[in-house]
S.K.: 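Shown below is the structure under consideration.
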There are 2 protein chains.
Amino acid sequence: MFRIDPLSRQPVYEQLIEQLEKLVLTGLLPADSQLPSVRSLSLELSINPNTIQKAYSDLDVRGIIYSVPGIGCFVAKNAAEILQAHMRRKLDQLRQLADDLALAGIPEEELIDSIHTVYQERGVHL
Amino acid sequence: MFRIDPLSRQPVYEQLIEQLEKLVLTGLLPADSQLPSVRSLSLELSINPNTIQKAYSDLDVRGIIYSVPGIGCFVAKNAAEILQAHMRRKLDQLRQLADDLALAGIPEEELIDSIHTVYQERGVHL
DNA sequence: AAGGTGTACTATCTGACATAGTACACCTAT
DNA sequence: ATAGGTGTACTATGTCAGATAGTACACCTT
């Protein structure tokens, strides 16, 4: 269900957060659906329970999920909305990247084509 | 000449590398021009000489600069070409980012507009 | 009562990053 | 020849984030 690379420069808990966020955005994890328990996910991914909890805690603080002690963690009602609003910050990263590529002399058309292709594939798969 | 943020998540030596690469790509550091000495740059930026040398060593290995012991470090002849070729890997990052934004429901037009704006500004400034 | 759940806490380990200090070989200018 | 600049190499130390290990508590369900 999850792909974790312990050798990545990106921390494990961040990898977990991003993949959970994508599951929410794609609708594979609808509102009020239960997340894997800290311990079960810990066993499945061979990751320390504390690392899982760190990811869940972060998502909880940001309102993406809510936790019921003794029961489990669940996807919040407006999780997708929060994520969509937050995703717009990635537009800044896109601009920064485009600026670097422009500086390197990569023609604008190449970027446009790449994006267009991505959006076409996304449209087909959904 | 350089802007270093010691508190950034990005290592200081990487910040230095990126800024040097941009100076090469913009032509502000032409081929065979001499780079600041390890010790002078160390004093100017209040950074340990070892950190500067780590950045220079990395650039040397990749063929961006060449060092002459006892003399100094200089920009390689084909530095800009190497960087341009290497920059295309950033297109992968761009695609990944576009895929995330597509997933979040950000319309394709917003990305296109952002990129177009970046390229227009770049065109003006150069 | 047993076993699952989230949560909290301390302790420890690891690796990357950065600093500090020293030393060597080389070249240039005086 | 001397002094001072250059790159380079090396060891030691400090710092911090990330991850692990272990324990413990409160809660709920069965």
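Because the structure is predicted, anything quoted here is derived from the model rather than measured. Atoms considered below: every heavy atom in the structure, side chains included; atoms not considered: hydrogens, waters and symmetry mates. A note on names: the letters A, B, ... follow the listed sequences, proteins ahead of strands, and every chain is numbered from 1.
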S.K.: Cluster partners of A/V61, using ILVMFWY side-chain heavy atoms under 4.5 angstrom, listed by chain and number?
M.R.: none
S.K.: Using whole Å, what does the distance between atom C1' of nucleotide C/dA16 and atom CZ of B/R9 come to?
M.R.: 13 Å
S.K.: Give, ordered by number, those residues of residues 36-50 of chain A having at least one heavy-atom distance below 4.0 Å to an atom of DNA chain C; if nothing qualifies, reply none.
M.R.: A/S37, A/V38, A/R39, A/N50
S.K.: Taking ILVMFWY side chains as joined if any heavy atoms are under 4.5 angstrom apart, and letting links pass through other members, which residues group with A/L7?
M.R.: none
S.K.: Is the phosphate of C/dA18 approached by B/K54 (side-chain N or O, under 4.0 Å from OP1 or OP2)?
M.R.: no
S.K.: Any side-chain donor-acceptor pair under 3.5 Å between B/Q10 and B/E18?
M.R.: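 B/Q10 vs B/E18: donor-acceptor pair found between side chains.
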S.K.: Is there a donor-acceptor contact under 3.5 Å from the side chain of B/T51 to the main chain of B/Y13?
M.R.: no
S.K.: Tell me: OH of B/Y56 to C1' of D/dT6, nearest whole Å?
M.R.: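 It is 12 Å, rounded to the nearest whole Å.
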S.K.: Kindly say whether A/D5 contributes a backbone atom to a donor-acceptor pair with the side chain of A/S8 at under 3.5 angstrom?
M.R.: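 No, the answer is negative, given that no donor and acceptor are paired below the 3.5 Å cut-off.
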S.K.: Under 3.5 Å, is there a donor-acceptor pair between the side chain of A/S114 and the main chain of B/R95?
M.R.: no
S.K.: Near DNA chain D, under 4.0 Å by heavy atom, which residues of residues 12-24 of chain B?
M.R.: none
S.K.: Among residues 67-78 of chain A, which ones have heavy-atom contacts with DNA chain D below 4.0 Å?
M.R.: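 Correct list: A/G70, A/I71.
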S.K.: Between B/S57 (side chain only) and B/Q53 (backbone N and O only), is there a donor and an acceptor less than 3.5 Å apart?
M.R.: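 Absent.
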S.K.: Taking A/P36's backbone N and O only, do any of them form a donor-acceptor pair with A/S40's side chain (distance below 3.5 Å, no angle check)?
M.R.: no
S.K.: Expressed in angstrom and rounded to an integer, what is the separation of B/D58 atom CG from C/dC17 atom C1'?
M.R.: 15 Å
S.K.: Using whole Å, what does the distance between atom P of nucleotide D/dT8 and atom CG of B/D60 come to?
M.R.: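 Result: 6 Å.
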S.K.: Starting from P on D/dC25, measure out to CD on A/Q53 and report it in whole angstrom.
M.R.: 17 Å
S.K.: Kindly list each side-chain donor-acceptor pair under 3.5 angstrom involving residues 69-91 of chain A, sequence neighbours excluded, with atom names and distances?
M.R.:
residue: A/K77; atom: NZ; partner: A/D32; partner atom: OD2; Å: 2.8
residue: A/R88; atom: NH1; partner: B/E110; partner atom: OE1; Å: 2.8
residue: A/R88; atom: NH1; partner: B/E110; partner atom: OE2; Å: 2.9
residue: A/R88; atom: NH2; partner: B/E110; partner atom: OE2; Å: 3.4
residue: A/K90; atom: NZ; partner: B/D100; partner atom: OD2; Å: 2.8

S.K.: Over how many whole Å does the gap from A/Q34 atom CD to C/dG6 atom P extend?
M.R.: 7 Å
S.K.: May I ask you to decide whether B/D58 forms a salt bridge with B/R62, counting only side-chain N to carboxylate O separations under 4.0 Å?
M.R.: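 Yes, this pair counts.
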S.K.: Could A/E14 and A/R9 be called an ion pair, given the rule that one side-chain N must be under 4.0 Å from one carboxylate O?
M.R.: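 Salt bridge between A/E14 and A/R9, a charged N being under 4.0 Å from a carboxylate O: no.
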